[in-house]
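Values reported hereafter were calculated over all heavy atoms of this structure, with side chains retained and with hydrogens, waters and symmetry mates removed.
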Amino acid sequence: MENRIAETLKILTEEDKVACETVRISENEPAFNKKLLFIESYGCQMNFADSEIVASVMREAGFATTSDVDNADLIFLNTCAIRDNAEQRVRTRLRQLNVIKKKKPGTLIGVLGCMAERLKAKLLEEEKMVDIVTGPDAYRDLPRLVEEAETGQKGVNVFLSREETYADISPIRLNSNGVTALVSIMRGCDNMCSFCVVPMTRGRERSRDPFSIVKEAQDLFNDGYKEVTLLGQNVDSYKWQAPNSVTAISTNVDNGTLETQVNFAQLLEMVAQISPELRVRFSTSHPKDITDEVLHTIKKYDNICKYIHLPAQHGNSRVLEMMNRTYNREWYLERIDSIRRILGDECAISHDMIAGFCSETEEEHQDSLSLLEYVRFDFGYMFAYSERPGTLAAKKYADDIPADIKQRRLAEIIDIQQRISLERNQKLIGTVQKVLVENTSKRSVNDFTGRSDQNKRVIFPRENFKVGDYVDVLITDTTAATLRGYAVEKVPVS
C-alpha cells in the first residue's frame with residue numbers, strides 16, 4: 001500500500017468548490033485578423049455551458065477567444081446571482097478591469113448572465129465602465145449590442161424568453177480537456193423556491209428538443225469526447241412535446257416505439273445508446289420529480305453513471321415548506337430509499353444544504369444533521385443562508401438567525417459530512433474503480449487524475465496511459481475528497 005499523502009480533509013475538490021467561487025476563463029484560439037474576446041465565467045455548470053454558446057455566437061461575429069485579459073478587445077463577465085458574495089466579487093472584478101479600460105480606452109466590458117438580469121440598469125448607473133448588459137436569453141443579440149457599444153451607446157438586452165434554448169448553436173468548448181463536455185438540455189426553472197433567484201434571472205422552464213441533444217452528444221463522441229453531462233436546473237422535469245407538424249418520433253428505446261413526447265428517462269436512454277464508451281452524467285435532480293423510471297434507466301445502462309445530485313436543502317418539514325420545496329422530509333427519505341433499493345448502496349448521492357434559514361430553531365437544525373446521518377451522502381454543497389433581494393423569502397420572512405449561529409450550524413453540518421464522506425470513501429479501499437482519465441494531477445506530473453463512475457476524484461500513477469483512457473484502478477488510500485490507487489488489469493470471470 002502506498003504511503004499516505006498528508007492532506008487536509010475537505011468536502012469539495014478544486015473543481016467543485018462552493019458555487020460561485022469557481023471561476024473559469026477562456027483559452028487562446030487562432031486569431032488571425034480577428035478581434036480578441038476574453039470571457040470570465042462564475043458559478044455553476046449552467047454558466048460555463050452558456051459561455052460556450054457566447055463564444056460560438058461571437059466567433060461568427062469575427063472574434064476569437066483569448067486567455068489574456070490585457071490584450072482583449074472585448075471582455076465578458078458571465079455572472080452568478082445566487083449568493084451575495086458572488087455579486088460582490090464581480091463588482092470587485094469590474095473595478096480591477098476599469099484599470100485596463102483606462103489604459104486601453106477602446107476595450108468594451110460586458111456583464112452577462114444572472115447578475116445582469118437581476119440588476120439590469122443598476123449596473124450601468126453604478127459601474128460606469130460597463131458597456132453591455134445581457135441576460136441569459138439574449139446571447140444571440142450580442143453582436144448587435146457590441147456594435148452599439150462601439151458607437152458609444154450602451155448595449156442592453158435582458159429580455160427573458162419562453163422559447164429560447166440555443167438548440168441550433170454548436171458551443172465552442174472552453175477550458176476543454178477534450179474528454180468531458182456539458183450539454184444543456186433545458187433552460188429556466190418553474191420551481192419557485194423561496195430562497196432562490198433563478199426563476200427571476202433565467203425565466204420559465206423550457207425543454208430543448210431531443211434531436212439536437214442527441215446530435216450534440218453524438219458529435220462530441222465522434223470528436224473523441226468520452227463523457228457528457230446533461231444540464232438543467234431540474235432535469236427530471238424535462239419534457240419535450242412534438243410540434244403539431246410532427247406526429248411522432250422514434251426514441252430508439254423500448255424496441256423503437258414512437259413517441260409524441262419525450263421525458264427525461266427516455267432522453268437519458270437515447271443519449272446512453274449512442275455508445276457504451278460514452279459516459280452519461282446529469283445534474284440537477286429535484287426530489288419532487290425524480291422517478292423510479294429514471295432510476296431503472298440508470299440501472300439498465302452501465303454507461304449512465306451511478307451518481308445522483310439530489311439537493312435536500314433542509315431536513316425539517318416546516319422549514320422545507322417555508323422554502324417552498326414542495327416536498328417534506330418523509331418524501332425526500334422515500335426517494336433516497338428508492339435510490340438505494342434500485343441502484344444499491346454503491347450509488348453515490350450528493351446534496352445541497354442550507355444552514356440558518358429564516359426562523360430555523362435548534363431542533364430543526366438537528367433534523368438536518370439527522371438527515372445527513374440517515375442518508376450518508378458521499379459529499380455535499382453546504383451554505384449559510386444568504387438572503388437574496390426580490391425572492392419570496394426576502395419578502396415574507398425575516399432573516400432572523402444571527403450570523404454567528406448560522407456559521408456554527410453550518411460548521412456542524414460540514415463536520416458531519418466530512419466524517420461521512422471519509423467513511424464512505426474508506427469502504428472503497430480494496431475495490432477496483434473504472435476511472436476516466438481527465439488530466440494530469442495538479443500535485444505531480446507523474447500522476448493522472450480522473451473520476452470514477454460515482455463521481456469520486458481518483459489519483460493514480462500515469463504509467464503509459466493517456467487522457468481519455470478508461471483505467472481500472474485498485475483503491476489503496478483515501479481522504480474525504482480523493483481516492484488514490486494504481487492501475488490493475490481486470491481478470492474476466494470464466
Side-chain angles (χ1 to χ4, degrees), residues 22-80 86 89-117 123-124 127-158 166 168-178 181-182 184 223 439:
T22 303
V23 181
R24 295 184 183 176
I25 65 172
S26 51
E27 296 181 341
N28 295 320
E29 62 175 342
F32 182 70
N33 285 337
K34 290 185 177 183
K35 294 180 179 179
L36 296 180
L37 166 65
F38 176 88
I39 308 177
E40 192 164 282
S41 308
Y42 294 75
C44 66
Q45 289 179 313
M46 293 295 293
N47 266 16
F48 302 146
D50 277 0
S51 289
E52 294 178 342
I53 291 171
V54 169
S56 181
V57 170
M58 296 310 298
R59 175 182 280 180
E60 293 299 313
F63 284 82
T65 60
T66 179
S67 63
D68 186 355
V69 67
D70 292 306
N71 288 331
D73 301 290
L74 177 61
I75 300 170
F76 284 153
L77 301 186
N78 192 357
T79 63
C80 177
R89 186 171 184 180
V90 170
R91 287 185 181 276
T92 299
R93 183 60 168 146
L94 285 171
R95 288 192 290 272
Q96 295 169 349
L97 294 176
N98 196 33
V99 176
I100 296 175
K101 195 172 179 70
K102 287 179 179 178
K103 292 179 180 178
K104 189 179 176 184
T107 304
L108 298 178
I109 297 176
V111 177
L112 316 181
C114 293
M115 185 174 167
E117 180 63 41
L123 277 169
L124 297 172
E127 310 293 349
K128 302 295 185 182
M129 81 290 294
V130 174
D131 305 291
I132 300 161
V133 178
T134 310
D137 290 345
Y139 295 146
R140 292 181 193 271
D141 199 28
L142 278 170
R144 182 187 68 82
L145 298 176
V146 170
E147 287 182 0
E148 281 190 5
E150 286 173 338
T151 68
Q153 303 179 65
K154 299 294 185 181
V156 182
N157 187 343
V158 291
Y166 301 110
D168 60 319
I169 295 178
S170 297
I172 293 176
R173 304 297 164 179
L174 303 174
N175 306 107
S176 175
N177 54 16
L182 306 174
S184 178
D223 288 341
N439 280 303

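Atoms CG and CG, from Leu37 and Asp73 in turn, are 9.5 Å apart once rounded to the nearest 0.5 Å. In this structure, CD1 in Ile169 is found 4.0 Å from CZ in Arg140, a value given to the nearest 0.5 Å. Atoms CZ and CG, on Phe48 and Leu174 in that order, are 11.0 Å from each other to the nearest 0.5 Å. Atom CE of residue Met46 and atom SG of residue Cys80 lie 12.0 Å apart, to the nearest 0.5 angstrom. Distance check, rounded to the nearest 0.5 Å: OG1 of Thr107 to CG of Leu36 gives 10.5 Å. Taking NZ of Lys34 as the start and CE of Met58 as the end, the distance is 11.5 Å to the nearest 0.5 Å.
Side-chain atoms of Lys101 do not come within 3.5 Å of backbone N or O of Val130 as any donor-acceptor pair. Between the side chain of Asn157 and the backbone N or O of Gly135, no donor-acceptor pair lies under 3.5 Å. A donor-acceptor contact shorter than 3.5 Å links the side chain of Asp131 to the backbone of Ile109.
Using a 4.5 Å heavy-atom cutoff, the side chains of Val111 and Leu94 are in contact. Contact check for Thr134 versus Asp141: no side-chain heavy atoms found under the 4.5 Å cut-off. Proximity of Val146 to Phe63: side-chain heavy atoms (C-beta onward) are separated by under 4.5 Å at one or more points. Side-chain contact between Val156 and Glu148: absent, with no pair of heavy atoms (C-beta onward) separated by less than 4.5 Å. Inter-residue side-chain proximity for Asn78 and Tyr139 is flagged as met; some heavy-atom pair is nearer than 4.5 Å. With contacts defined as side-chain heavy-atom distances shorter than 4.5 Å, the pair Thr66/Asn71 does not qualify. Counting heavy atoms from C-beta outward, Leu142 and Phe76 have side chains that approach closer than 4.5 Å. In this structure the side chain of Leu74 never reaches within 4.5 angstrom of the side chain of Lys35, judged on heavy atoms.
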Kindly indicate, with the supporting measurements, whether the criterion side-chain contact (heavy atoms from CB on, under 4.5 Å) is fulfilled by Asn98 and Lys102.
-> CA-CA 6 Å; Asn98 196 33; Lys102 287 179 179 178; 3.5 Å; yes
- Taking it one step at a time, do Val23 and Glu40 satisfy side-chain contact (heavy atoms from CB on, under 4.5 Å)? CA-CA 7 Å; Val23 181; Glu40 192 164 282; 3.5 Å; yes
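Checked options Pro171, Ser41, Ser184; the residue passing with Glu52 is Pro171 (criterion: side-chain contact (heavy atoms from CB on, under 4.5 Å)).
When all heavy atoms are compared, the tightest approach of Ala116 to Thr79 is N-OG1, 3.6 Å. When all heavy atoms are compared, the tightest approach of Ser51 to Ile39 is OG-CG2, 3.7 Å. Summarising the geometry of Gly113 relative to Pro136, their closest heavy-atom pair is O-CD, 3.7 Å, with the distance given to 0.1 Å. Taking both residues in full, the closest heavy atoms of Phe38 and Ala72 are given as CB-CB, 3.7 Å, listed atom of the first, atom of the second, then distance. Of all heavy-atom pairs between Ile132 and Ala149, the closest is CG1-CB, 3.9 Å. Residue Arg173 comes nearest to Leu182 through the heavy atom pair NH1-O, 2.8 Å, listed as atom of the first residue, atom of the second, then distance.
Comment: Lys104 does not engage Asp70 in a salt bridge, judged by the lack of any side-chain N to carboxylate O separation of less than 4.0 angstrom.
No side-chain donor-acceptor contact under 3.5 Å links Thr65 and Ser26. Checking Arg95 against Thr92 by side-chain atom types alone, a donor-acceptor pair falls below 3.5 Å.
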